[in-house]
Amino acid sequence: MEYKFTDIEKKWQEFWKTNQLYKVPNDFSKPKCYVLDMFPYPSGAGLHVGHPLGYIASDIYSRYKRLKGFNVLHPMGFDSFGLPAEQYALDTGQHPAVTTKKNIATFKAQLDNIGFSYDWDREVQTSDPSYYRWTQWIFLQLYNSFYNRKTNKAESIKILENAFEKEGNTNFPMPNAQYTLPAFTSDEWKGFDERLRQEILMQYRLAYCGYGEVNWCEALGTVLANDEVVNGVSERGGYPVVKRKLRQWYLRITEYADRLLDGLQTVEFSDAMKEMQTNWIGKSEGAEIDFDIAGSDPAVAHKLRVYTTRPDTIYGVDFMVIAPEHELVEQITTTAQKQVVDEYIGYVKSRSERERMAEKKISGVFTGAYAINPVSGREIPVWISEYVLAGYGTGAIMAVPCGDDRDHKFAKHFNIPITNIIGEYYNGQDANPTKEAKLENSDFLNGIEMMKAAGIVVSQLELAGKGQRKVNYRMRDAAFSRQRYWGEPFPITWKDGVAYTLSENELPLQLPHVDTYQPGPDGEGPLSNIKDWTDRNLETNTMPGYAGSSWYFLRYMDPHNENTFCDRKVSDYWNQVDLYIGGTEHAVGHLLYSRMWTKVLFDLGYIGHDEPYKKLVNQGMIQGSSRFVYRVHGTNKFVSAGLKDQYSTDAIHADVNMVDGFELDTEAFRNWKKGEFADATFILENGKYICGAEVEKMSKSKFNTVNPDDLVAKYGADTFRMYEMFLGPVEMSKPWDTKGIEGVHRFLKKLWRLFYDETKGQLWTDEKASAAELKVLHQAIRKIENDTDRFSFNTAVSSFMIAVNELTDLKCHKKEILQPLLILLAPYAPHIAEELYNQLGGEGSVLNAPYPVFEEKYTRESSKEYPVSVNGKTRTTIDIALDAAQTEVEQIVLNNEVIKKWLEGKAPKRIIFVKGKMVNVVV
RNA sequence: CCGGAUGUGGUGAAAUUGGUAGACACGUCAGACUUAGGAUCUGAUGCCGCAAGGUGUGGGGGUUCGAGUCCCUCCAUCCGGACCA
């Protein structure tokens with residue numbers, strides 16, 4: 001009997017489906033394990049071999065945990081709102097709902113082909129009204145909450161309203177100090193009209209509407225989040241992005257900065273990932289210091305407030321720099337300098353964000369004004385320069401050229417004298433940002449270490465009322481609205497400029513059907529073109545892509561609940577995602593937003609945990625390995641890669657699927673692209689046409705995509721699964737190479753031959769296993785269990801191969817050995833494992849079999865022990881090297897080889913002995 | 001510039017706490033069975049060398065009885081953040 005993988009896989013996939021073996025009950029009596037993949041955006045291109053890498057890893061782990069007796073939640077769904085579907089709709093007129101549905105069907109078929117153990121009953125689609133109903137509901141919770149800095153958690157906005165009524169906002173300072181009315185009393189509050197009250201409350205809400213500079217992308221007609229902008233262009237499409245003021249919705253994620261930072265201590269993310277999130281949050285501790293402007297009327301004295309992380313360098317301040325957009329610019333510029341300042345500001349405005357980032361030219365201009373150092377009383381010139389950013393800190397800095405590189409370059413460029421406060425740490429050539437120097441030229445701070453001085457300076461400034469400690473974050477509130485159609489509508493109506501929420505029983509607010517997807521007027525979204533929508537005064541923005549993905553892991557737990565987004569008892573049971581697998585590209589987007597939403601839902605008491613993911617594994621990207629053919633310029637001749645230097649050629653992408661390794665199938669090439677190259681002639685080397693190669697991103701346009709369906713058809717899903725794992729560690733990025741898949745396929749065939757012989761048929765027996773056979777089995781159990789536990793799937797696959805090789809050598813066909821081996825294999829190659837397990841007469845499905853238990857006694861070496869006396873009858877002096885933990889040696893176990901040598905007269909000179917085990921004998 | 005990661009045969013890669021480097025597989029070579037094989041099996045395969053032997057984990061230095069693994073330094077590649085005071 002042959003290994004007919006296609007029949008076997010079809011048979012068992014149907015069996016699992018009809019018997020609902022993947023159905024996961026919310027059975028609270030069993031220990032749980034939640035294994036989650038980042039759900040895909042169902043693009044029109046379908047899956048390529050890069051996608052399933054993480055899915056296979058998580059599927060193996062889920063099946064493994066299931067065998068270990070856990071109730072495993074391993075769901076899949078689709079992040080089906082998003083830009084590409086809408087872009088496609090704009091191009092073709094096809095409704096996003098239609099294309100999305102089609103794409104999802106394709107994805108599901110492709111996924112099922114690989115044999116994943118998803119419980120499709122729990123599938124979620126973010127664009128489904130029964131799902132986004134709850135996205136809208138959670139939005140309302142965000143909208144109706146504020147962050148109470150006293151209790152350090154989100155609380156109902158009603159608590160805030162009551163407080164305002166009683167005592168004004170003295171105990172609840174406004175998070176956004178830029179607002180024109182930062183403080184008010186109880187009486188004032190009572191006097192405010194509805195509109196003003198609502199406007200004030202808006203300054204506190206966790207989801208709020210405001211005007212702000214946003215990243216506006218003209219080409220996409222929409223606003224992008226900071227992390228969707230890469231180097232001044234849009235991440236998707238690479239279109240230019242400019243700043244523009246628009247009415248926008250935001251999430252007040254900045255209030256959670258500290259908790260998002262602290263939470264990282266409690267989760268198992270890679271150091272790289274934690275680092276990225278930490279950098280994105282960008283917490284820095286320092287001080288705000290007020291400098292008076294010299295000569296100004298004390299009554300209206302202009303204070304210049306700066307932010308610094310190094311208050312200890314206060315005596316080294318040689319000049320001040322304020323951002324060109326700073327509000328004080330106009331007020332402090334002297335008449336003499338007015339013209340040059342205006343010119344400079346004009347110049348800065350003419351430069352795009354991109355230019356400012358690309359060419360780091362030193363530029364700036366003196367305002368004519370002087371500030372007074374609040375500690376030394378020294379008068380310091382105030383400059384304007386674009387290297388100071390209006391959006392960070394206070395938009396103004398105190399420049400310490402001897403300690404900061406940018407300040408130093410600026411001082412040198414404009415010939416500003418430099419005060420050295422760090423002695424020999426400063427060489428006159430380059431700034432030195434040391435924190436270790438003992439201060440000089442710093443009056444009462446002289447001789448004090450910089451680290452200590454910082455505290456002293458801040459304390460003194462605080463006493464004098466000229467400064468205070470201040471923590472700054474680089475992270476901004478997240479823009480939460482898009483001028484787009486294909487997203488969740490906001491459950492908000494507008495009346496007289498005041499936002500009102502829909503009531504919960506009006507949800508879901510369904511996305512209306514439209515015939516055109518063109519943007520509305522003034523950068524508004526397509527919804528503003530719909531009369532019925534605008535008549536109802538509904539918000540015309542929609543939510544961004546990350547809205548639906550910020551909580552989907554909760555919906556999987558209780559997907560059909562119509563009373564709540566997820567029952568509290570159910571979320572308490574499934575709790576955190578035990579293993580989350582996905583790419584690094586979501587490091588600062590999705591992962592931060594979903595962490596914030598989880599914390600909010602936790603604060604409001606809807607769930608019992610405040611970090612969504614316990615452990616995160618980042619799968620590497622599978623790149624494409626492109627192939628090129630070289631056409632001799634201006635001809636129809638193609639020259640093999642090794643000879644191309646002799647000609648002038650153009651490189652053309654050739655489809656990797658018609659190349660075997662590097663050798664081109666020239667016939668296939670002639671038939672490719674409807675015969676575009678039908679008349680091609682080839683200049684071969686050694687009778688072959690060799691292609692050039694390059695590693696690139698996997699993409700259809702580069703003809704380097706490989707469809708998993710093709711590989712499954714040729715080798716079977718089990719081979720495909722194991723091969724993807726065999727490629728290397730899941731975390732590592734690597735180019736796809738189909739070549740080695742034969743080896744894995746060969747392994748499965750070899751395994752099959754332990755059970756069946758083509759001529760003899762069934763091979764397995766009920767004989768008792770030998771010690772050698774048991775040793776092979778138990779070594780395999782130990783290794784594979786261990787490897788699976790630590791996600792080292794590539795070495796686990798190797799261990800299977802070793803075991804099967806050894807059993808083949810031993811001609812072992814014993815059920816006692818083979819059956820446990822199949823259970824070990826079931827997570828990796830479920831179809832063949834199920835088939836053979838069944839053939840052996842295993843009870844029920846291998847999916848529910850008990851995992852084999854490793855017993856050490858079977859793996860012990862059976863060697864004889866030779867006690868050797870060292871202090872008694874010595875035949876020679878032996879030097880015994882011990883490791884630190886070892887204090888004495890009672891017995892040395894020598895192996896036969898050493899004894900033999902000893903008897904030949906080669907006495908050991910030194911025996912190296914580590915942790916009770918002899919590791920080396922120096923003869 | 002800052003931060004993180006990686007660097008091991010022709011190739012993908014192994015090597016739990018420092019303990020025989022290169023497991024396992026691809027590829028290659030030789031052979032067996034075959035009408036044939038892109039099936040299967042056996043053997044060889046880091047490099048230099050006919051051999052004995054030498055050498056070997058990006059380069060250099062160090063700690064150690066012993067270093068792919070730890071420390072210092074330099075180089076290369078990839079990823080992330082970048083005028084954040």
Side-chain angles (χ1 to χ4, degrees), chain A residues 2 227 230-231 270-280 282-284 286-287 306-311 313 320-321 323 356-357 359-362 385-389 391-400 403-407 409-410 433 472-475 584-585 587-588 618 620-621 623 660-661 695 722-723 726-729 731-747 749-750 753 758 782-783 786-787 789-790 792 794-805 808 879-885 909-915 917-920 922:
Chain A
E2 233 182 306
D227 50 275
V230 181
N231 292 328
S270 69
D271 287 344
M273 176 61 58
K274 289 185 180 180
E275 187 75 24
M276 272 189 246
Q277 295 209 356
T278 306
N279 285 345
W280 184 261
K283 182 176 184 170
S284 68
V306 302
Y307 178 72
T308 179
T309 52
R310 299 298 302 277
T313 61
M320 315 287 289
V321 188
R356 275 170 80 162
M357 290 214 285
E359 28 162 331
K360 291 173 186 171
K361 209 157 84 176
I362 298 168
S385 175
E386 60 180 340
Y387 85 86
V388 171
L389 307 174
Y392 185 76
T394 60
I397 61 157
M398 55 180 229
V400 182
D404 183 283
D405 192 46
R406 291 155 303 170
D407 297 348
K409 288 202 173 101
F410 194 85
N472 258 330
Y473 301 95
R474 195 153 63 207
M475 182 171 68
T584 342
E585 64 271 20
V588 291
N618 292 113
M621 182 121 75
Q623 294 129 317
D660 180 22
V695 173
M722 291 195 93
Y723 182 58
F726 186 67
L727 276 176
E731 298 92 334
M732 205 174 279
S733 291
K734 58 229 148 194
W736 176 263
D737 180 10
T738 307
K739 266 273 159 181
I741 198 169
E742 301 275 358
V744 177
H745 193 56
R746 228 168 267 163
F747 152 74
K749 283 194 281 191
K750 202 165 177 176
R753 285 198 302 273
E758 272 188 50
R782 177 173 55 187
K783 191 74 179 29
N786 210 335
D787 287 345
D789 265 329
R790 59 189 182 109
S792 181
N794 55 328
T795 53
V797 174
S798 294
S799 304
F800 280 116
M801 291 178 176
I802 294 168
V804 166
N805 285 346
T808 305
D879 181 12
I880 302 175
L882 305 174
D883 68 318
K909 284 196 199 106
R910 178 193 289 151
I911 297 177
I912 297 163
F913 201 82
V914 172
K915 288 178 188 170
K917 200 177 150 191
M918 186 184 67
V919 294
N920 202 11
V922 182

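Letters go in sequence order (proteins before strands), and every chain restarts at 1. It should be emphasised that the depicted structure is a prediction, and the values quoted were computed from it without experimental measurement.
Rounded to whole angstrom, the span from the CE atom of A:Met801 across to the P atom of B:G12 amounts to 17 Å. Across the protein-nucleic acid pair, A:Met273 atom CE and B:G81 atom P stand 11 Å apart, rounded to whole Å. In this entry the distance linking CD of A:Gln277 with C1' of B:G3 reads 15 Å, nearest Å. Spacing between atom CE of A:Met276 and atom P of B:G3 amounts to 15 Å, rounded to whole angstrom units. The distance between atom CZ of A:Phe726 and atom P of B:C26, rounded to the nearest whole Å, is 8 Å. A:Trp280 has its CH2 atom 16 Å from the C1' atom of B:C79, to the nearest Å. Protein atom OH of A:Tyr723 is 9 Å distant from nucleotide atom C1' of B:A25, rounded to whole Å. Straight-line distance from the CG atom of A:Asp737 to the P atom of B:A13: 10 Å, rounded to whole Å.
When the nucleotides B:A13, B:C83, B:U40 are ranked by their closest atom to the side chain of A:Arg753, B:U40 comes out on top. Of the candidate nucleotides B:G4, B:A85, B:A14, B:A14 has the atom lying nearest to any side-chain atom of A:Asn794. Among the nucleotides B:G27, B:G3, B:A23, the one closest to the side chain of A:Ser798 is B:A23. Nearest nucleotide to the side chain of A:Tyr307, out of B:A85, B:A23, B:G4: B:A85. The side chain of A:Asn786 lies closest to B:U16, out of B:U16, B:A85, B:A23. Closest to the side chain of A:Ile802, from the set B:U40, B:A23, B:A13, is B:A23. When distances run from any side-chain atom of A:Ile397 to the nucleotides B:C83, B:A85, B:C41, the shortest one goes to B:A85. Nearest to the side chain of A:Pro729, among B:G4, B:A13, B:A85, sits B:A13. Considering only side-chain atoms of A:Lys749, the nucleotide from B:A23, B:U40, B:G12 that sits closest is B:U40. Checking B:C84, B:A14, B:A13 against the side-chain heavy atoms of A:Thr795 singles out B:A14 as nearest.
The P atoms of B:U63 and B:A15 are separated by 29 Å, rounded to the nearest whole Å. Of the P atoms belonging to B:C71 and B:G7, the separation is 14 Å, rounded to the nearest Å. Using atom C1' as the reference point in both B:A25 and B:A76, the two lie 28 Å apart (nearest Å). Taking the P atoms as reference points, B:U35 lies 41 Å from B:A52, given to the whole Å. Taking atom P in both B:G58 and B:U64, one finds a spacing of 23 Å when rounded to whole Å. Taking the C1' atom of each, B:G9 and B:C26 are spaced 13 Å apart, rounded to whole Å. Remark: the separation of the P atoms in B:A21 and B:G31 is 33 Å, to the nearest Å. As rounded to the nearest Å, B:U40 and B:A36 have C1' atoms that lie 14 Å from one another.
Backbone-only contact: A:Asn805 has heavy atoms under 4.0 Å from sugar-phosphate atoms and none from a base.
Between A:Phe800 and A:Phe747, the ring planes lie tilted relative to each other; the angle falls in the 30° to 60° range.
Residues A:Ile741 and A:Gly395 each lie close to RNA chain B; by heavy-atom proximity, the contact nearer the 5' end of the strand is made by A:Ile741.
Between A:Asn618 and B:C79, a side-chain N or O to OP1/OP2 separation shorter than 4.0 Å is absent. Between B:U16 and A:Arg782, no contact under 4.0 Å exists linking OP1 or OP2 to a side-chain N or O.
Under the Watson-Crick or G-U wobble criterion, with both distances below 3.5 Å, B:C83 is left unpaired in every strand shown. Pair check for B:C29 finds B:G43; Watson-Crick or G-U wobble, both atom distances under 3.5 Å. A 3.5 Å limit on both hydrogen-bonding distances identifies B:G19 as the Watson-Crick or G-U partner of B:C65. The pairing partner recorded for B:G56 is none, the criterion being a Watson-Crick or G-U wobble arrangement whose two distances lie under 3.5 angstrom. Figure legend. B:G9 is base-paired to no nucleotide; pairs are counted as Watson-Crick or G-U wobble with both atom distances under 3.5 Å. B:C50 makes up no base pair with any nucleotide shown, lacking Watson-Crick or G-U wobble contacts both under 3.5 Å. Searching all strands for a Watson-Crick or G-U wobble partner of B:U34 with both distances below 3.5 Å returns nothing.
Annotation for A:Ser799 and A:Lys783: closest pair OG-CG, 3.0 Å, computed over non-hydrogen atoms. The two residues A:Gly393 and A:Tyr307 make their nearest non-hydrogen contact at CA-CB, 4.1 Å. Contact between A:Arg310 and A:Met398 at its shortest, heavy atoms only, is O-CE, 3.7 Å.
Taking the ring centroids of A:Trp280 and A:Tyr473, they lie at or beyond the 6.0 Å cut-off.
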Given side chain to side chain donor-acceptor pair (under 3.5 Å), test A:Asn472 with A:Ser284 step by step and report yes or no. CA-CA 5 Å; A:Asn472 258 330; A:Ser284 68; 5.3 Å; no
Please evaluate residues A:Ser792 and A:Thr795 with respect to the criterion side chain to side chain donor-acceptor pair (under 3.5 Å), reporting the C-alpha separation (whole Å), side-chain torsions for both, the decisive distance (0.1 Å), and the verdict. CA-CA 6 Å; A:Ser792 181; A:Thr795 53; 2.5 Å; yes
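Nucleotide B:G81 carries an anti base; the chi torsion (O4'-C1'-N9-C4 or O4'-C1'-N1-C2) is more than 90° from 0.
Ionic pairing of A:Asp404 and A:Arg406 is present here: one or more N-O contacts between side-chain nitrogen and carboxylate oxygen are shorter than 4.0 angstrom.
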